[in-house]
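A quick write-up on the structure given underneath.
Computed from heavy atoms alone, side chains included, the values below leave out hydrogens, waters and symmetry copies. Sequence positions, counted from 1, serve as the residue numbers for this chain. Predicted model, so just to flag it, every value in this text is computed and none were measured. One-based numbering, in listed order, for ligands and for the atoms of each.
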Amino acid sequence: MNASSSRPAAWPVPTLNARDGGLWLEDLPLAEIAARFDTPTYVYSKAALESAFGAWQQALAGRRALVCYAVKANSNLGILSVFARLGAGFDIVSGGELARVLAAGGRADKVVFSGVGKTRAEMRQALEAGIRCFNVESAAELEHLNAVAGELGKLAPIALRVNPDVDPKTHPYISTGLKGNKFGVAFADAPDLYRRAAALPNLRISGVACHIGSQLLDPAPMAEAAEKVRDLVDRLAAEGIVLEHIDLGGGLGIRYRDETPPAVADYLAPLLAVFEGRKEELCFEPGRSLVGNAGLLLTRIEYLKPGETKNFAIVDAAMNDLARPALYDAWHEVVAVSPHAGEAVEYDIVGPICESGDFLARARKLAVREGDLLAILSAGAYGMTMSSNYNTRPRAAEVIVDGDRAHPVRQREAVAELFATERILP
Ligand SMILES: *Cc1c(COP(=O)(O)O)cnc(C)c1O
């Protein structure tokens, strides 16, 4: 990146910079990307993806460990191919995600399969592909998996996803490790379930897994969960159930606004201390922390609409493109791509969808005009993957920037595609 470029410390996207009066990602002006691919478009920085993954690799150097990128955060094949080439494993939650990983060049033997509702067809698909491990979330799932593996004449590698019942202190919708939510098995039930798994002929006990929540900003709850998991591993070993790997899930948070998440190394240090000197392979499933701040959503202002109490900037992106603000009241930084001289005015940034919840940001001061481009930052995780076609809106294009080149990794949908499989009545 050009050394003369400037960037306010406030921008969470590391490769975003200001040059020649405009915003650039790496060495490419965002205005050029909008001109070539139109808007709304998700734009990702390859260098930011690589450096996020590199931070995990460095923090785990010298430790037998596998970083399995949580595909649900952003499942674009281009993104998956970047991580596959860096040697990542993948954490999937559906057969569809498995198909994406394989299409992007990922290795099945580095795939772990999470989720409470795996169907028999998905189990079959994953067994045939030869995945590394099923993270099993209930007693009934053990039985289903044993039966499906038996039909195929295969041995299914399993970990039980246990619920360590620690409070991750995050948003209630994204906390998953507390009693009373649908994920994992109760900690107290785990030994019994391992015994049951050991007695089933078509399962091979490989490890244990946990995942306590998302957007974690404090390493302490995770370290507490890790200690509980370690003690469980020792208890199981004492009765002859020996685990080869320990999967500590994902959840490391990122900065959207003024959060101060720990650096990857600082997040991992207390966890690594819990497993110091042990031989089990450690596995992690980061999603957001690998892609969240590598991406932004580029959108254009269609209208400026002054109001009596509020001004609106109506843009061509909407809640169907980026659901997080509507869903979690999430905050994303919004930056004008080519700011004008003159006074900044406060706007709510809203989309054209017929819902009052259709906003991307509220009360932002911007010096902008109709037709200007805005960059909605930190949109790399749970942006495109949660998008929909609500209001028959074609989903956005996606582009990965590498230096001064833009690689289109997903074409904008055409309206005709949206109803190509629908039929009018005869
Ligand atoms: C969602 C999820 C992850 C990834 O969570 P992030 O907060 O994006 O890191 C990892 N593991 C499991 C089981 C998940 O459900």
Side-chain angles (χ1 to χ4, degrees), residues 49 52-53 55-56 59 66-76 79-80 83 88-94 96-98 101 110-118 122 126 131-138 141 158-164 168-178 181-185 207-219 221-222 225-226 229 245-256 259 261-264 267-268 271 282-295 323-324 327-328 330 378-386:
L49 294 168
F53 190 78
W56 281 83
L66 181 64
V67 178
C68 293
Y69 167 61
V71 173
K72 73 178 194 283
N74 188 323
S75 58
N76 183 284
I79 303 260
L80 299 181
F83 291 135
F90 296 92
D91 170 43
I92 59 163
V93 292
S94 72
E97 287 188 350
L98 175 56
V101 167
K110 288 185 174 182
V111 167
V112 300
F113 193 170
S114 304
V116 294
K118 301 176 193 80
E122 287 175 321
I131 66 162
R132 175 188 203 81
C133 193
F134 290 85
N135 289 349
V136 172
E137 307 216 14
S138 65
E141 189 188 333
I158 65 129
L160 277 176
R161 175 168 171 191
V162 298
N163 209 325
K169 303 187 186 85
T170 182
H171 191 286
Y173 288 6
I174 50 181
S175 101
T176 55
L178 277 170
N181 77 46
K182 68 177 178 180
F183 300 102
V185 303
V208 62
C210 76
H211 170 75
I212 65 169
S214 205
Q215 185 59 7
L216 309 176
L217 298 172
D218 175 359
M222 202 49 235
V229 168
H245 83 267
I246 297 170
D247 181 337
L248 297 168
L252 175 58
I254 61 168
R255 184 162 70 84
Y256 286 98
E259 303 90 336
V264 176
Y267 172 74
L268 287 177
L271 302 185
L282 293 183
C283 178
F284 297 92
E285 304 169 350
R288 191 188 312 269
S289 81
L290 290 179
V291 292
N293 272 330
R324 298 188 70 260
L327 198 55
Y328 310 117
S378 312
Y382 306 105
M384 188 65 185
T385 48
M386 293 179 92

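- At least one N/O-N/O distance between G287 and ligand 1 falls below 3.5 Å.
- Relative to atom 2 (C) of ligand 1, the option among H211, R161, K72 with the closest non-hydrogen atom is K72.
- At least one heavy atom of P286 sits closer than 4.0 Å to an atom of ligand 1.
- Relative ring orientation between Y267 and W56 is described as perpendicular, the plane-to-plane angle rising above 60° on a 0-90° scale split at 30° and 60°.
- Contacts between F183 and ligand 1, counted as non-hydrogen atom pairs separated by less than 4.0 Å, are absent for every part of the residue.
- Two residues are said to be in side-chain contact when any heavy atoms from C-beta on lie closer than 4.5 Å; Q215 and I254 meet this criterion.
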Test side-chain contact (heavy atoms from CB on, under 4.5 Å) on C210 and M222 and set out the steps. CA-CA 10 Å; C210 76; M222 202 49 235; 3.9 Å; yes
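- Taking the six-membered ring where the residue is Trp, F90 and Y69 present perpendicular rings, their angle passing 60° and hence far from 30°.
- Residue contacts with ligand 1: S289 is excluded, as none of its non-hydrogen atoms falls under 4.0 Å.
- If you number the atoms of ligand 1 from 1 as listed, the ones under 4.0 Å from a heavy atom of S114 come out as 13 (C).
- Looking at ligand 1, you'll find an N or O of G251 within less than 3.5 Å of one of its N or O atoms.
- Of all heavy-atom pairs spanning L49 and F83, the tightest one is O-CE2, 3.7 Å.
- Side chains of S114 and H211 form no contact here, defined as non-hydrogen atoms less than 4.5 Å apart.
- Annotation for ligand 1: atoms under 4.0 Å from non-hydrogen atoms of R288 are 6 (P), 8 (O), 9 (O).
- For L216, no heavy-atom contact with ligand 1 is shorter than 4.0 Å.
- Set against the non-hydrogen atoms of Y382, the atoms of ligand 1 under 4.0 Å away are 1 (C), 4 (C), 5 (O), 6 (P), 8 (O).
- Figure legend: cation-pi geometry between K118 and F113, with NZ or CZ positioned under 6.0 Å from the six-membered ring centre and within 45° of its axis.
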